[in-house]
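In what follows, a single structure is set out as structure tokens and then discussed.
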Amino acid sequence: QVQLVESGGGLAEPGESLRLSCAGSGNGIRSVGWHRQAPGKQREFLASITASDSTYVVDSVKGRFTISRDKAKNTVYLQMNSLKPEDTAVYYCHAPPKYWGQGIQVTVSS
């Protein structure tokens, strides 16, 4: 059974940085993705990293968000820089096809 646990969220001011962590347990985790869902909006895909550490970041956050992995810790990170109020959302990590973390709140506000 795969379990994913996010951490590192919280409150940040515009322009600040946060690093989210997704700690995985169980067998079968290959690629991992980060998604977010803002109030009243659909969940949106942000970034992914494959088992071979190939990464992809959507254009809307490229240059500000970076995804990386520490295989020894079985943890995937989402580094978020230059945060904006519109980055406020619940952030989820996802190990396809069906494993999701519980979500973690990120609030960007002055």
Side-chain angles (χ1 to χ4, degrees):
Q1 182 72 15
V2 172
Q3 288 189 321
L4 302 173
V5 179
E6 299 101 337
S7 62
L11 178 64
E13 293 191 358
E16 292 186 338
S17 298
L18 285 174
R19 188 179 75 163
L20 304 183
S21 299
C22 173
S25 61
N27 294 321
I29 298 176
R30 299 289 183 264
S31 64
V32 174
W34 282 99
H35 303 246
R36 69 183 178 188
Q37 187 165 19
K41 294 188 177 181
Q42 289 188 329
R43 190 171 298 187
E44 65 171 325
F45 168 74
L46 297 173
S48 63
I49 186 165
T50 69
S52 58
D53 288 343
S54 293
T55 62
Y56 176 79
V57 179
V58 297
D59 286 345
S60 61
V61 299
K62 189 176 292 183
R64 297 193 301 121
F65 289 12
T66 304
I67 188 169
S68 62
R69 180 202 299 261
D70 184 333
K71 290 184 177 179
K73 296 182 179 180
N74 209 20
T75 298
V76 172
Y77 303 99
L78 185 69
Q79 178 68 42
M80 306 186 295
N81 299 329
S82 303
L83 284 164
K84 304 175 181 180
E86 51 263 43
D87 294 319
T88 295
V90 178
Y91 285 70
Y92 299 88
C93 62
H94 175 226
K98 63 180 180 178
Y99 301 106
W100 291 87
Q102 81 284 0
I104 192 161
Q105 179 70 44
V106 171
T107 301
V108 183
S109 175
S110 55

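- Taking the side chain to side chain donor-acceptor pair (under 3.5 Å) definition, one finds that S109 meets it with nothing, sequence neighbours left out.
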I'd like a table of donor-acceptor pairs (distance under 3.5 Å, sequence neighbours excluded) in which one partner is a side-chain atom from residues 14-21, with atom names and distances.
unit_1, atom_1, unit_2, atom_2, d
E16, OE1, E13, N, 2.9
S17, OG, N81, OD1, 2.9

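- Among all heavy-atom pairs drawn from H94 and Y99, the shortest one is CD2-O, 3.0 Å.
- Residues L78 and I104 share a single hydrophobic cluster, defined by chaining ILVMFWY side chains whose heavy atoms lie under 4.5 Å apart.
- The nearest pair of heavy atoms linking E6 to G103 is OE1-N, 2.9 Å.
- The local environment of CD in Q42 is sparse, with at most 12 non-hydrogen atoms from other residues, nucleotides or ligands closer than 6.0 Å.
- Residues passing the side chain to side chain donor-acceptor pair (under 3.5 Å) test with T107 are Q105, sequence neighbours excluded.
- Here the closest heavy-atom approach between residue V32 and residue R69 is recorded as N-NH2, 4.4 Å.
- Atom CZ of R36 is separated from atom CZ of R43 by 13.0 Å, given to the nearest 0.5 angstrom.
- No path of Ile, Leu, Val, Met, Phe, Trp and Tyr side chains, each step under 4.5 Å between heavy atoms, connects W100 with V5, placing them in separate hydrophobic clusters.
- Taking a 6.0 Å sphere around NZ of K71, one finds it holds more than 12 heavy atoms contributed by other residues, nucleotides or ligands.
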Side-chain atoms of residues 61-68: list all donor-acceptor pairs with protein atoms under 3.5 Å, sequence neighbours left out, distances to 0.1 Å.
unit_1, atom_1, unit_2, atom_2, d
K62, NZ, D59, OD1, 3.2
R64, NH1, S82, O, 3.0
R64, NH1, D87, OD2, 2.7
R64, NH2, D87, OD1, 3.0
R64, NH2, D87, OD2, 3.4

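- Legend: residues meeting ring pair (Phe, Tyr, Trp, His ring centres under 6.0 Å) with F45, ordered by chain and number and at least two apart, are H35.
- For the disulfide (SG to SG under 2.5 Å) condition, the pairs that include at least one residue of residues 46-110, sequence neighbours left out, are C22-C93.
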